[in-house]
Amino acid sequence: MQLASRLSKLEESATLAMSRLARELKAQGKDIISLSLGEPDFHTPQFIKDAAIEALNNNFTTYPPVPGYDDLRDAIVEKFKRDNGLNYKRENIIVSTGAKQSIANVVFSCVGEGDEVLIPAPYWVSYIEIVKMADGVPVVIPTTMETDFKLTADALEKAITPKTKMLIYSSPCNPTGSVYSYDELKALAAVIEKYPDLIVISDEIYEHINFKGKHESLAQFDAIFNQVVTINGVSKAWAMTGWRLGYIGAPVEIANACNKIQGQFTSGTNSIAQKAAVAAVKADVSVLTDMVAAFKNRRDLCLRLLNEIPGMKCSIPDGAFYLFPDISAYFGKKCGNTVIRTANDLSMYLLDEANVALVTGEAFGNEKCIRISYATSENILEEAISRIKIALAKLQ
Ligand code: PMP
Ligand code: GLU
């Protein structure tokens, strides 16, 4: 079958591919522990489920308005004021089928053929692929563990060319867990202000999973407010990955463009999920304290156990639920006929030998690291890391 040429440019999502592989191996009876997918192991809170049941019983079952129900968009306006000090109006808010679609809408709205999109690495897997699908040119800006994997103002400015259209980054970051401080964002904002045609996607989906304290939004800097699209959603904080609901706060031209795109692609986001999201977005975020504390304990446990493994080099992530250790010390080692040359080789070796599924750093633009999602119970994490330790000790 002759598929469209755009498909040949498109990679499968590495995170979803690894979790699919883990699921298939489990179905074959293998005792696989999957630390591959970034998805909370908590259940959606009952008050959110109740809001969905009420919506269903009240027959919110017809096509919703394409940009989202007014009550949800207004609740999001209030959320942005309450948590981020951002003054959006309803017209700036578009609700979509997951933050992933929100990002795709914005990229398709702004990026055309040959436009360059700056993406600091390590980056979340889908940014590059979405840009490629929009015929844009991803321009990767590498960062290192020594600078906590963060983009500096200097590196940003050096990467900007007359073709640069957009910058995409996340904080807290998937896959590194790095969290940008106020001062770091202020320095980036000073560069962004000098290039008024530059649009920035600030992906803040892990906002509430922050061990460092206050979350900082890039759009808080007034001089660049109209250049920034703030991405957020309910998947991570409210354990609602399957409900598929994300949203943006954006300059009105971009919001209108996203509305037009999804009017042709999805006709808007699932009506029941939207009503459930009203409850989530309005809820007091202090109810998340226990979940954040659990994630922090798991992070500390994993760091302690991983640091006992020779050759593992970990940064200390301040947010999200990932560790991104450098495992390049194992390159060139072997076990039987298996030689480890890359992070990809190592993640496949750990899947075969330790029955632990992780994601190779190559998918996130870093060839020396692997990503471990610690969104699972402490017992499972202990078992997984013990298996990893045993398998790595076999490499000579
Ligand atoms: N951005 C980042 C950085 C993510 O890790 C994810 C993963 N889910 C998303 C966006 C997409 O979130 P959603 O589930 O709302 O589509
Ligand atoms: N964002 C999650 C991850 O990075 C979920 C997978 C996906 O949406 O691609 O694992």
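When a ligand or atom number is given, it counts from 1 through the structure's own listing order. Predicted, not measured: the structure shown is a model, and the values here were computed from it. Below, all heavy atoms of this structure are taken into account, side chains as well, without hydrogens, waters or symmetry copies.
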Kindly confirm or rule out an N or O of [X] lying under 3.5 angstrom from an N or O of ligand 1.
X	result
Lys236	yes
Ser170	no
Lys100	yes

Specify side chain, backbone, both or neither for [X], according to which of its non-hydrogen atoms lie closer than 4.0 Å to ligand 2.
X	value
Leu37	both
Thr241	neither
Arg371	side chain
Val125	neither
Tyr322	side chain

Which ligand 1 atoms are under 4.0 Å away from a heavy-atom of [X]?
X	answer
Asn174	3 (C), 4 (C), 5 (O)
Arg244	13 (P), 14 (O), 16 (O)
Ser235	13 (P), 14 (O), 15 (O)
Gly98	15 (O), 16 (O)

Just checking, Lys275 and Phe60: is the charged tip under 6.0 Å from the six-membered ring centre and within 45° of the axis?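 The answer is yes, since Lys275 meets both limits relative to Phe60.
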
Quick check on Lys236 - does any of its heavy atoms sit under 4.0 Å from an atom of ligand 2?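 Yes, Lys236 has a heavy atom closer than 4.0 Å to ligand 2.
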
Any atom of ligand 2 sitting under 4.0 Å from a heavy atom of Glu39?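 Distance cut 4.0 Å: Glu39 fails for ligand 2.
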
Which of the numbered atoms in ligand 2 are under 4.0 angstrom from any heavy atom belonging to Leu16?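 So the atoms of ligand 2 that pass are 6 (C), 7 (C), 9 (O).
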
Those atoms of ligand 2 less than 4.0 Å from some heavy atom in Ser13: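 This gives 9 (O) as the contact atoms.
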
For [atom], what is the closest protein heavy atom, and at what distance to 0.1 Å?
atom	value
atom 8 (O) of ligand 2	Lys100 NZ, 3.3 Å
atom 9 (O) of ligand 2	Thr15 OG1, 2.9 Å
atom 3 (C) of ligand 1	Asp203 OD2, 3.3 Å
atom 9 (C) of ligand 1	Trp124 CH2, 3.4 Å
atom 12 (O) of ligand 1	Ala99 CB, 3.7 Å

Between Tyr247 and Phe80, is the ring centroid distance below 6.0 Å?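 Yes: the rings meet the under 6.0 Å criterion.
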
Does the N or O separation between Ser126 and ligand 2 drop below 3.5 Å for any pair?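 No, no N or O pair falls under 3.5 Å.
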
Between [X] and [Y]: side-chain donor-acceptor atoms closer than 3.5 Å:
X	Y	value
Glu129	Ser13	no
Ser286	Asp284	yes
Asn379	Ser377	no
Asn105	Gln262	yes
Asp50	Gln46	yes

If the threshold is 4.0 Å, N to carboxylate O, is there a salt bridge linking Asp300 and Arg304?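 Arg304 and Asp300: not salt-bridged.
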
Can a salt bridge be assigned to the pair Asp135 and Lys9 using a cut-off of 4.0 Å between side-chain N and carboxylate O?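 Yes.
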
Check whether any side-chain heavy atom of Tyr127 sits under 4.5 Å from a side-chain heavy atom of Ser170, and report yes or no.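 They are in contact (side-chain heavy atoms under 4.5 Å apart), so the answer is yes.
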
Shortest non-hydrogen contact from Cys110 toward Asp115: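 Residues Cys110 and Asp115, closest heavy atoms: O-OD2, 3.9 Å.
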
Any sub-3.5 Å donor-acceptor pair from Ser171's side-chain atoms to Cys173's backbone N or O?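 Between the backbone of Cys173 and the side chain of Ser171 there is no qualifying donor-acceptor contact (under 3.5 Å).
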
How would you list, by chain and number, every residue that makes a ring-ring contact (aromatic ring centres under 6.0 Å, His included) with Phe321, sequence neighbours excluded?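 For Phe321 the ring-ring contact (aromatic ring centres under 6.0 Å, His included) partners, ignoring immediate neighbours, are Tyr206, Phe295.
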
